[in-house]
2 protein chains.
Amino acid sequence: MVVKAASVNPDASPSSSERILNASEMLFAERGYAGASMRDIARSAEAPVSLITHHFGTKEELFRQVIDRRIHEQVATTLDDIAKAQDASNGAPVSLETLMRCYMEPMVHKSMHGGPGWKNYAKLMGLAMFNSQYDDFLKPMIDVYDRVQDAFVAACRKIFPDADERRLQLAVFFLNSSILSVLVESGMLDRQSGGLCKSNDLQMIVDEMIPFYAAAFRQRLTPA
Amino acid sequence: MVVKAASVNPDASPSSSERILNASEMLFAERGYAGASMRDIARSAEAPVSLITHHFGTKEELFRQVIDRRIHEQVATTLDDIAKAQDASNGAPVSLETLMRCYMEPMVHKSMHGGPGWKNYAKLMGLAMFNSQYDDFLKPMIDVYDRVQDAFVAACRKIFPDADERRLQLAVFFLNSSILSVLVESGMLDRQSGGLCKSNDLQMIVDEMIPFYAAAFRQRLTPA
DNA sequence: GTCTATAATGAGATAGAC
DNA sequence: GTCTATCTCATTATAGAC
C-alpha cells in the first residue's frame, strides 16, 4: 500500500494511515526503531494497535513506509537542483559552493520549513544513515539515496579532475558525516558551545559549513 | 559496584561480570540500547539473566557500567596527550596537526589495537554521542567527555587567538561529527566509495582527516 | 556467586464483530 | 476502515535454593 504525504490543506484532519505514519516518524526519530513500540505509536496516533497492522502489516514494513513516503521527493529535489545548476553553467564545472548547497540545502530546507513531519523525517534519515543497524531492511532505500551521492561525487570530479579518487571519497565522507550530524539535531553542538550555537539553527550551520568544507576540498583535491 | 577492565592476561578466563560487560558492550554497540535485550546479553555471556541483575541491578545501570568501565582511561589518555604536546612546545602554541592527532588518536588507537572490547566501546561511544536518545542516562559520562572537548577547544583558541568563537565552535562540531562517524565504522564509506575505502581502516582515515580538517580550520579561523 | 523458577508486564500480531 | 478482545511469546526483574 502506498500512502501519500500529508494533505496540503492544514485543516483537513489526517486519515488514520497518515496519523500512524506521522506518529511513527516522530517516535522512530526520537527513540530509534527498537525503542519505539507499536503500542507507543498507536497511542500517539490515537488509534488501536490493530489498525497499524491492518494498514501496514508488520512493524518493519511500517518503518519502510515511513521512509518511503518522503524519500522519493527528497531525492528528486536534490538531483534536480544539482542538474539545474550544471545546466546553468553551460558546460563549465559548477562552482564548488553552489554544488555543495544543491547537495545539502533541499533536505535542510525541508527540515526547517516543511513542517514537523519533514523535521522528524530528516532526523530519522540522519539516524538511519549513520547507523549500520538499519542497513538490512532499509537496503532498497539506501540504494535510492546513494544515487544522490553518486551525482554529487561525479560533479565534484568535474571540478577536481586531477584529484586522487580516494581523497575525494574521503572528503565526501567527511562532509556527509557532518550533514547527518546536522540533520539529527542532537544536543552535541549546543552543549559543547555553551549555548552559543543552536543545533536547530540549520541555516546558520549550513552557511558556515559550505565555506568550511569548500576550503578543505580545494586544499586536498587540487594536486600541487 | 565497580568492575575493572578485562584482565591483562589473555589466558585468564574472565569472570561472569566481565563476560556480561563484554557481551553488553558488543550488543549495545551493534543494536543500540533498546535493541539489545538482557536475554541476548545473557546468552552471549553464557550466564543466566538473573546474574546480570544480581551484578548490575537494572539494564540502565548495566549500560552505564559498560561505559564507565573504559571512559576514564580514554579521557585520561586523551587529556594527557594534549597536555604533553603543549608542554613540549615550551609555551608556543602547539601545531594544529599535532593537536588534532592528540585529540583523536587515543580513541582510534584503542579501537584498532586495544582488542574487541575497545573496538565495541568505540562504536558504542560514537553511537551514544551522536544520538540524543542516550543523553538522559549518560549525562554524567557525557560531562566527563565534554572536558576533553573543552581542552581541545582551548588549545585551538591559542592557535587561532583572533578566530570568531562561533566559527571555532562550528569547526570543532564538524570535526567531531566525522570522528564519531569514523568510530562507529558504519558501512557508509565502503558503500559510497565502491570498496575503495574501508571503514575499518581507521588509521588511513585519520591520516587523511588531519590535513583535511587542518586546511578548513586555517582557512576559516584566520581572520583576513 | 550461581542457579532454577516464576512473577508481572510489554511486545508484535491476529480473529472476528460491526 | 475501525474496533474490542485475545493469542503467543519476549521482556525486565525478583524470590529463594544451593
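Below, read A as the first sequence line, B as the second, and so on, with proteins coming before strands; counting in each chain starts at 1.
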In whole angstroms, how far is the [atom2] atom of [N] from the [atom1] atom of [X]?
X	N	atom1	atom2	answer
A:Arg43	D:dC3	CZ	P	16 Å
A:Phe56	C:dG12	CZ	C1'	16 Å
A:Ile41	C:dA11	CD1	P	10 Å
A:Phe63	C:dG12	CZ	P	14 Å
A:Leu27	C:dG12	CG	C1'	16 Å
A:Glu61	C:dT14	CD	P	13 Å
A:His55	C:dG12	NE2	C1'	17 Å
B:Asp40	D:dC9	CG	P	17 Å

List for me each residue that meets salt bridge (charged side-chain N to carboxylate O under 4.0 Å, His left out) alongside [X], sequence neighbours excluded, and say none if there are none.
X	answer
B:Arg157	B:Glu165
B:Arg19	none
A:Lys123	none
B:Asp190	none

- [ ] Quick one: list whatever passes ring-ring contact (aromatic ring centres under 6.0 Å, His included) with B:His72, sequence neighbours left out.
- [x]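 Here no residue qualifies.
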
- [ ] Can you label the angle between the B:Phe63 ring and the B:Tyr134 ring as parallel, tilted or perpendicular, going by 30° and 60°?
- [x]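 The rings of B:Phe63 and B:Tyr134 lie parallel, inter-plane angle below 30°.
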
Task: Estimated bend of the helix from C:dG1-D:dC18 to C:dC18-D:dG1 (axis per five terminal pairs, rounded to 10 degrees) - done: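 Terminal axis comparison yields 0°.
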
Open item on the list: Please list all pairs meeting salt bridge (Lys or Arg N to Asp or Glu O under 4.0 Å) that have one or both residues in residues 42-59 of chain A, counting only residues at least two apart or in different chains.
Closed with: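 Sorted pair list: A:Asp40-A:Arg43.
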
Open item on the list: Is any side-chain heavy atom of A:Phe217 closer than 4.5 Å to one of A:Cys156?
Closed with: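 In short, these two side chains touch, coming nearer than 4.5 Å.
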
- [ ] Could you encode protein contacts along nucleotides 12-18 of chain D as a string, one character per nucleotide from 5' to 3', using B for base contact, S for sugar-phosphate-only contact and - for no contact, with a heavy-atom cut-off of under 4.0 Å?
- [x] BSBB---

Using residues 76-84 of chain A as the side-chain source, report each donor-acceptor pair under 3.5 Å to any protein atom, sequence neighbours left out, with the distance given to one decimal.
from    : atom 1 : to       : atom 2 : distance (Å)
A:Thr77 : OG1    : A:Glu73  : O      : 2.7
A:Thr77 : OG1    : A:Lys110 : NZ     : 3.3
A:Thr78 : OG1    : A:Gln74  : O      : 2.9
A:Asp80 : OD2    : A:Lys84  : NZ     : 3.4

